[in-house]
Amino acid sequence: QVQLVESGGGLVQPGGSLRLSCHFSGSLFSMYAMGWYRQAPGKQRELVASITSGGRTNYADSVAGRFTISRDGPKRTVYLQMNNLKPEDTAVYYCNRGTYSSGDYSPHDLWGQGTQVTVSS
């Protein structure tokens with residue numbers, strides 16, 4: 001069964017850093033665009049960052065300059081490096097297997113279970 005499993009969340013102080021990982025237990029990982037989303041209490045799900053099969057990245061304005069998305073083909077893993085974290089970043093973070101193409105990312109049908117990120121002093 002193809003699965004996405006997130007890890008790396010936790011409690012961090014403002015200004016700190018975390019690196020989230022999403023492991024793709026399936027084949028053809030390098031052919032899919034991937035995305036990271038987050039959902040905070042009382043707010044809608046938000047696309048944070050995406051990366052295409054060719055390595056092109058996009059970021060939400062709220063995280064641009066602080067977060068970096070990357071992928072490791074041999075490890076079948078997509079990462080979200082989060083620096084200078086703020087309390088507003090507190091949310092459950094989810095990864096998504098997006099479109100199967102070399103084009104831009106769009107959400108598709110496979111999601112991870114989520115990992116909690118809490119930014120608090």
Side-chain angles (χ1 to χ4, degrees):
Q1 177 70 27
V2 177
Q3 289 184 322
L4 299 175
V5 179
E6 301 101 330
S7 62
L11 175 64
V12 64
Q13 294 186 1
S17 297
L18 287 173
R19 188 178 74 162
L20 306 183
S21 300
C22 176
H23 183 258
F24 175 58
S25 60
S27 62
L28 303 178
F29 167 75
S30 63
M31 298 300 297
Y32 291 96
M34 302 289 292
W36 280 101
Y37 289 76
R38 67 186 182 187
Q39 188 163 23
K43 295 188 176 181
Q44 295 186 352
R45 184 180 60 188
E46 174 189 25
L47 176 62
V48 174
S50 64
I51 185 167
T52 69
S53 61
R56 186 171 64 255
T57 60
N58 276 300
Y59 299 93
D61 290 342
S62 58
V63 307
R66 298 188 297 121
F67 291 10
T68 302
I69 188 171
S70 61
R71 62 195 302 161
D72 186 319
K75 294 183 178 179
R76 305 194 308 278
T77 300
V78 61
Y79 301 98
L80 186 67
Q81 178 66 48
M82 306 185 295
N83 297 326
N84 192 24
L85 284 161
K86 303 176 180 180
E88 307 93 272
D89 297 317
T90 296
V92 178
Y93 284 72
Y94 301 90
C95 65
N96 172 255
R97 185 184 71 180
T99 48
Y100 182 90
S101 73
S102 60
D104 292 341
Y105 167 84
S106 292
H108 205 44
D109 60 348
L110 187 64
W111 296 83
Q113 84 289 346
T115 185
Q116 176 71 48
V117 172
T118 302
V119 185
S120 180
S121 59

* Asked: Can you tell if the side chain of Gln116 reaches within under 4.5 Å of the side chain of Thr90, non-hydrogen atoms only?
  -> yes
* Selection residues 94-121 - residue pairs positive for ring-ring contact (aromatic ring centres under 6.0 Å, His included), sequence neighbours left out -> Tyr32-Tyr100, Tyr37-Trp111
* Which residue pairs pass the ring-ring contact (aromatic ring centres under 6.0 Å, His included) test with at least one member in residues 48-79, sequence neighbours excluded? -> none
* What distance do Asn96 atom CG and Met34 atom CE have between them, rounded to the nearest 0.5 Å? -> 7.0 Å
* At their closest point, which heavy atom of Leu4 faces which heavy atom of Leu110, and how far apart are they? -> CD1-O, 3.4 Å
* Asked: Once you round to the nearest 0.5 Å, how far does CG of Leu18 lie from CD of Gln81?
  -> 8.5 Å
* To the nearest 0.5 Å, how far apart are CG in Asp72 and NE2 in His23? -> 10.0 Å
* **Least distance between heavy atoms, Phe29 atom then Arg71 atom** => O-NH2, 2.8 Å
* To do: For residues Gly9 and Thr115, report the shortest heavy-atom separation together with the two atoms involved.
  => N-OG1, 3.2 Å
* Main-chain N/O of Leu20 paired to Glu6 side chain as donor or acceptor, under 3.5 Å -> no
* To do: Search all heavy atoms of Arg76 against all heavy atoms of Gly26 and return the closest pair with its distance.
  => CD-O, 3.4 Å
* Structure fact -> The salt bridge (charged side-chain N to carboxylate O under 4.0 Å, His left out) partners of Asp61 (sequence neighbours excluded) come to none
* Closest heavy-atom pair and its distance - Ser53, Ser101 -> OG-O, 2.8 Å
* For Cys22 and Trp36, work out which heavy atoms get closest and say how close. => CB-CZ2, 3.6 Å
* **Close side-chain approach of Arg38 to Asp89, heavy-atom, < 4.5 Å** => yes
* Asked: Has the side chain of Gln113 got a donor or acceptor atom that lies under 3.5 Å from a matching backbone atom of Val5?
  -> no
* Group every Ile, Leu, Val, Met, Phe, Trp and Tyr by side-chain heavy-atom contacts under 4.5 Å, then state whether Met82 and Leu11 land in the same group. => no
* Give a yes or no on whether Leu80 and Val92 share a hydrophobic cluster (residues Ile, Leu, Val, Met, Phe, Trp, Tyr; joining criterion: side-chain heavy atoms under 4.5 Å apart). => no
* To do: Could you tell me whether the side chain of Ser21 reaches within less than 4.5 Å of the side chain of Lys75, counting heavy atoms only?
  => no
* To do: Is it possible for you to say whether Leu28 and Phe24 belong to one hydrophobic cluster, with membership spreading through side-chain heavy-atom contacts below 4.5 Å?
  => yes
* **4.5 Å side-chain heavy-atom contact, Val2 and Arg97** => yes
* Asked: Between CG of Asp104 and OG1 of Thr99, what distance do you get to the nearest 0.5 Å?
  -> 8.0 Å
* **Ser17 side chain reached by Val12 side chain, heavy atoms, under 4.5 Å** => no
* Hey, what do you get for OH (Tyr93) to CD (Gln39), rounding to the nearest 0.5 Å? -> 12.0 Å
